[in-house]
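Throughout, protein chains are lettered first and strands after them, A, B, ... in sequence-line order, and every chain is numbered starting at 1.
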Protein chains: 2
Amino acid sequence: MADIISAQDLSGGRLSDQDTVALIELLFFAYRDFVSDPDEILSQFGFGRAHHRVVHFVGRDPGMTVQQLLDLLRITKQSLGRVLKELIDKGYVFQKEGESDRRQRLLYLTAKGEELRLRLMLPQAERIRRAVAQSGGDAAQLYRKILYHMVNPENRESVRDWIERAAAIGEESGEHG
Amino acid sequence: MADIISAQDLSGGRLSDQDTVALIELLFFAYRDFVSDPDEILSQFGFGRAHHRVVHFVGRDPGMTVQQLLDLLRITKQSLGRVLKELIDKGYVFQKEGESDRRQRLLYLTAKGEELRLRLMLPQAERIRRAVAQSGGDAAQLYRKILYHMVNPENRESVRDWIERAAAIGEESGEHG
DNA sequence: GAAATTATGTCAGCCATATTGACATATTTT
DNA sequence: AAAATATGTCAATATGGCTGACATAATTTC
């Protein structure tokens, strides 16, 4: 491991300016590469990142409402509209009328959509696994903590709720833990 | 600390699917909030994220060439063009003819530009510091390792070079470590 | 039962930021 | 002198956000 990648001063507990800036920049570079894998796959389908998000989150919580998806993505109805329509037209997503509330259009992935979701997730999962494995120790646990604490305090509850719910769905639908 | 935020299975060393997906999603949510602070400041200036990147990297390596900036940002000359022109016109960046090569237009921040750079960095630095502090242990060192290993292997050298060079510049120009 | 609210969809236009291709100028290298 | 390099600029196109307005169907409230 190169020296540059190890923080230089952890003595006092508070991060030095140098180390803090290095983390900011590393996050920028890491995130850029992190999204580059799915980007390439998406371009083969004529899709963009917006499509990825929809496919991912719908696949993780099948039957979610349009409004739930909007709240999660924090975009406008109009922005979602185009991508969702396209995904439906091309057969990756389908809608089902809500049973208890027939105004709702519950969202589901088709088999084709689920296939795409997994294909997009694979390189990201591999990247995370590799990075965690190469970092040794309790890397995963600590990484999770740090990312969680980087979320705005007022958003943490909804993020936690999401992760919790999606994990429960994953269990019952056979994603082996 | 809530149970949900701690990885559930670290026994074997290999991350479970559940934990891996949770990390993918946490990275998405964390990055979104991470960029939201500068976004808000930028909008007050009529700037966007592209301006942020230019101001940040030029400020970290004053005198860099346009080509170096293009390589770092991995965007086209035309994309950079508008943003750079705007920053120059509004007095945040200025250019100086290269001494050894007079074709080059070396990039520097004005005092106003440096002020903006620091203002944009502050909330991100605070967020990182808080997250690391709240995560305990060797969080910073491990976080740095993980982010570094999330960068594509073929890009690691340039990322390491950048961090190294920028750190050296920071030292000499008085950013206290 | 009428009125208000909610969930969803759609039209139109605007903005920021990315792209490609083409072309121009000045300077350096061969 | 010719080729390559560093930079700048014009034009057209795409993606994915945004706002505002309006429409329909279903549910909730009074």
Please work out which residues in residues 34-41 of chain A have a non-hydrogen atom less than 4.0 Å from an atom of DNA chain D and list them by number.
->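 Output list: empty, so none.
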Interface with DNA chain D, restricted to residues 65-79 of chain B and to heavy atoms under 4.0 Å =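 Result for residues 65-79 of chain B: Thr65(B), Val66(B), Gln67(B), Lys77(B), Gln78(B), sorted by number.
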Would you grab the first and last nucleotide of DNA chain C (5' to 3') that comes under 4.0 Å of any non-hydrogen atom in chain B?
->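 Terminal contacting nucleotides, 5' to 3': dT17(C) to dT28(C).
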Could you name each residue pair satisfying side chain to side chain donor-acceptor pair (under 3.5 Å) that touches residues 75-86 of chain A, not counting sequence neighbours?
->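 Every pair satisfying side chain to side chain donor-acceptor pair (under 3.5 Å) with a residue in residues 75-86 of chain A: His51(A)-Glu86(A), Thr76(A)-Ser79(A).
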Can we call the ring centroids of Tyr31(B) and Phe28(A) under 6.0 Å apart?
->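 Ring centroids of Tyr31(B) and Phe28(A) are no less than 6.0 Å from each other.
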Flag the pair Tyr148(B) / Phe29(A) as yes when their ring centroid distance falls below 6.0 Å, and as no otherwise.
->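 Not under 6.0 Å, so no.
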What are the two closest heavy atoms between Arg156(B) and Val151(B), and how far apart are they?
->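 Answer, listing the atom of Arg156(B) first, then Val151(B): NE-O, 2.8 Å.
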Shortest non-hydrogen contact from Asp33(A) toward Arg127(A) =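 What the structure gives for the nearest pair is O-NH2, 3.1 Å.
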Just how far, in rounded Å, is P of dG16(D) from CG of Leu84(A)?
->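 Distance check: Leu84(A) CG to dG16(D) P gives 14 Å.
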Side chains of Pro123(B) and Ile41(B): does their closest heavy-atom pair fall under 4.5 Å?
->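 A side-chain contact exists here, since the closest heavy-atom pair is under 4.5 Å.
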Side-chain donor/acceptor of Arg53(A) to base of dG16(D), under 3.5 Å |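 Flag unset: no donor-acceptor pair detected.
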Any donor-acceptor N/O pair under 3.5 Å between dG16(D) base and Arg82(A) side chain =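 Result: at least one qualifying N/O pair found.
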Close N or O pairs between protein and nucleotides 28-30 of chain D (under 3.5 Å):
none

Whichever hydrophobic residues join Phe94(B) through chains of side-chain contacts under 4.5 Å =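 ILVMFWY cluster around Phe94(B) also holds Leu106(B), Tyr108(B).
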Contact nearer the 5' end of DNA chain D, comparing Arg105(B) with Val83(A) =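 Nearest nucleotide further toward 5': that of Arg105(B).
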Using a strict 4.0 Å threshold on nitrogen-to-oxygen distance, state whether Glu97(B) and Arg103(B) make a salt bridge.
->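 Salt bridge absent between Glu97(B) and Arg103(B).
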So, Asn155(B) versus Arg74(B): side-chain donor-acceptor pair below 3.5 Å or not?
->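 A pair is found: one side chain offers a donor N or O, the other an acceptor, under 3.5 Å apart.
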Glu99(A), CD: over 12 other non-hydrogen atoms inside 6.0 angstrom =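 For Glu99(A), atom CD is not crowded (no more than 12 foreign heavy atoms under 6.0 Å).
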